[in-house]
Amino acid sequence: MSGRPQRRPAPPAGQPGPAGRYQAIRAATEALCAPLSPEDATVQSMDDASPAKWHLAHTTWFFETFILEREVATYEPFHPAFRVLFNSYYETVGRQHPRPRRGLVSRPGLEEIRAYRRHVDARLLEWLDGRGKLDGPAGEVLELGLQHEQQHQELILTDIKHMLSCNPQLHPAYHRPPAATAADPGPLRWHLEEGGARRLGHDGEVFSFDNERPRHEVLVGAFQLASRPITCGEYLEFMADGGYRRPELWLADGWAEARKHEWEAPLYWEKGEHGWSLFTLGGLRPVRVAEPVTHVSYYEADAFARWAGARLPTEAEWEAVAAGREVAGNFVESGRLHPHSAALTADGAPAQLFGDVWEWTASPYVPYPGYRPLAGSLGEYNGKFMVNQMVLRGGSCASPRSHLRATYRNFFYPHMRWQFTGIRLARDGRRP
């Protein structure tokens, strides 16, 4: 199978072509950053996060580096220093500014970064206009760049949230979320899935990342998948039962991490005289017991599962249930930017498989059998990170809906908590 990203077919009549889609995705990124001050956009709150200004520049650098510099003979870079400043991790492209020091780059300022985006956008749209039909390797790289920018849209929101949370006295809000009526998620139920040979991974004409391929056969035993993600109320029960004080529930590395950082609740939770509150992109508010718990590490998810007499699903189990289902749920387009409680589905099938929270799986992030990275520098996009990380599935309340599918593999280190990560349980076989 080719190492190139798979092509997206021509859009149906009435749908935007490559230029319209490019403009829409780039505009969505700008809209996410519109509420930010220049100070907001410059701060880097931790090594794992990046300033919003850097995200704006890096996604632009991607199109400049991998399309304009390679496809347009007369193109001259906007600024030669940007090649280093906004290179993330592409060693084969050249040097990078150290990631932990991105927040020290006060110049270029936010307005110059926006000028950079306008410059690259104008030249790339000229390139598209001059090509007519877009296909072949250049079209595949353009699609990869658009998918890459959608990934950074989610990172912009999670990084902004972490940055704003570092203002503990003000608890500043990024936005005012729309009013919404919470649904009763009901008691946890179990969906039985018969075992057997299953096909795992992507095989089709629409876009997929190289880490979703090749599609291959796996043997899955009979298992049960929980009807919905774990709620804050259920997680509070774990906490009240000494979940953070019982080493027998934890993996050794997780116990060490919890002790080192004095974890006693999910990230962004605060204990006050009236109970627990949590910081959201809409500001500080009380914990709502019906909504999915989020901002938990893999270690916390695994400890909760053990406490509940269950386990986390493998990614093959998760995909076996999600395959063929509509990608529907609470995504960035809803404007909530926080997980939302939802009622069970009418047919009793697992709900909220997509959106709300990324669901930790028990699967390490490793290549599928027969995996081949992309050719050239773009081969650094996924393959070199296939070690020491765990797979998450399903997307979150900060993910663009059009970016997701049942085969999508997200991955993070097991101690990380600043993404919208949550918990769905699984059990073996036909247990009652």
Please assess R401 against E333 for the test salt bridge (Lys or Arg N to Asp or Glu O under 4.0 Å), listing each intermediate value before the final yes or no. CA-CA 7 Å; R401 179 179 180 273; E333 291 85 357; over 6 Å; no
Start with the C-alpha distance between F238 and Y235, add both sets of side-chain angles, then the distance that settles ring-ring contact (aromatic ring centres under 6.0 Å, His included), and finish with yes or no. CA-CA 5 Å; F238 165 73; Y235 201 84; 5.2 Å; yes
R285 vs H338, side chain to side chain donor-acceptor pair (under 3.5 Å): CA-CA, chis, key distance, verdict: CA-CA 12 Å; R285 63 162 173 80; H338 193 78; 3.3 Å; yes
What's the verdict on side chain to side chain donor-acceptor pair (under 3.5 Å) for S396 and Q419, showing C-alpha distance, side-chain angles and the deciding distance? CA-CA 9 Å; S396 84; Q419 294 300 307; over 6 Å; no
List the steps, then state whether side chain to side chain donor-acceptor pair (under 3.5 Å) holds for S297 with E257. CA-CA 10 Å; S297 66; E257 196 75 17; over 6 Å; no
With side-chain contact (heavy atoms from CB on, under 4.5 Å) as the criterion, how do E193 and Q224 come out once you've worked through the C-alpha distance, each side chain's angles and the decisive distance to 0.1 Å? CA-CA 6 Å; E193 189 79 10; Q224 297 181 59; over 6 Å; no
So R198 and E319, salt bridge (Lys or Arg N to Asp or Glu O under 4.0 Å) or not? Walk me through it. CA-CA 9 Å; R198 300 299 178 94; E319 189 173 318; over 6 Å; no
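Taken to the nearest 0.5 Å, the CD atom of E154 stands 7.5 Å off from the SG atom of C397. A distance of 10.0 Å separates CG of N410 from CZ of R393, quoted to the nearest 0.5 Å. Taking CG of N382 as the reference point, atom CG of L374 lies at 7.5 Å (rounded to 0.5 Å). The NE2 atom of H119 sits 11.0 Å away from atom CG of L124, with the distance rounded to the nearest 0.5 Å.
Ring geometry for Y408 versus W358: interplanar angle of 30 to 60°, hence tilted.
Side-chain contact between S377 and F66 is present, with heavy atoms from C-beta onward closer than 4.5 Å. Looking at heavy atoms from C-beta onward, E234 lies in side-chain contact with L188 at the 4.5 angstrom threshold. Between Y365 and R409 the shortest side-chain heavy-atom distance falls below 4.5 Å. Between R107 and E112 the shortest side-chain heavy-atom distance does not fall below 4.5 Å. Within the 4.5 Å cutoff, the side chain of R424 has heavy atoms near those of the P350 side chain. Taking the side chain as every heavy atom from C-beta outward, H415 and Y299 approach each other to under 4.5 Å. In this structure the side chain of L56 reaches within 4.5 angstrom of the side chain of T29, judged on heavy atoms.
Counting only distance, with no hydrogens or angles, the side chain of R228 and the backbone of G186 share a donor-acceptor pair below 3.5 Å. Listed for the S363 side chain is a donor-acceptor partner under 3.5 Å among the backbone atoms of E315. Judged by distance alone, the side chain of R99 and the main-chain N or O of D47 form a donor-acceptor pair under 3.5 Å. Although no hydrogens or angles enter the test, the distance criterion places a donor-acceptor pair under 3.5 Å between the side chain of T361 and the main chain of V391.
When ring centroids are compared, F209 and Y381 come within the 6.0 Å threshold. Ring-centre distance between W250 and Y244: below the 6.0 Å cut-off. Taking the six-membered ring for Trp and the full ring otherwise, the centers of H403 and F331 sit at least 6.0 Å from each other.
Heavy atoms only, all atoms of each residue included: W263 and R259 are closest at O-NH2, 3.9 Å.
Side chains of Y413 and N388: a donor-acceptor N/O pair is absent below 3.5 angstrom, by distance only.
Here R114 pairs with E111 in a salt bridge; the nearest charged N to carboxylate O distance falls below 4.0 Å. R83 has a carboxylate O that lies under 4.0 Å from a charged side-chain N of E69, or vice versa, which qualifies the two as a salt bridge.
A322 meets the side chain to side chain contact (heavy atoms under 4.5 Å, CB included) test with W318, L353, F354, A406; sequence neighbours excluded. With sequence neighbours excluded, the residues forming a ring pair (Phe, Tyr, Trp, His ring centres under 6.0 Å) with H58 are W54, W61, H148, H152, listed by chain and number.
For the side chain to side chain contact (heavy atoms under 4.5 Å, CB included) test with F86, the passing option among T59, I113, T60 is I113; the others fail. Screening T280, D40, L281 against Y174 for a side chain to side chain contact (heavy atoms under 4.5 Å, CB included) leaves a single residue, L281. For the ring pair (Phe, Tyr, Trp, His ring centres under 6.0 Å) with W360, the lone residue among Y298, F420, F304 that qualifies is Y298.
Residue R95 places its CZ atom among 12 or fewer non-hydrogen atoms of other residues, nucleotides or ligands, all under 6.0 Å distant.
Within the structure, every pair that satisfies the salt bridge (Lys or Arg N to Asp or Glu O under 4.0 Å) test and touches residues 116-126, not counting sequence neighbours, is listed here: R26-D121, E30-R117, R117-E149, R123-E126.
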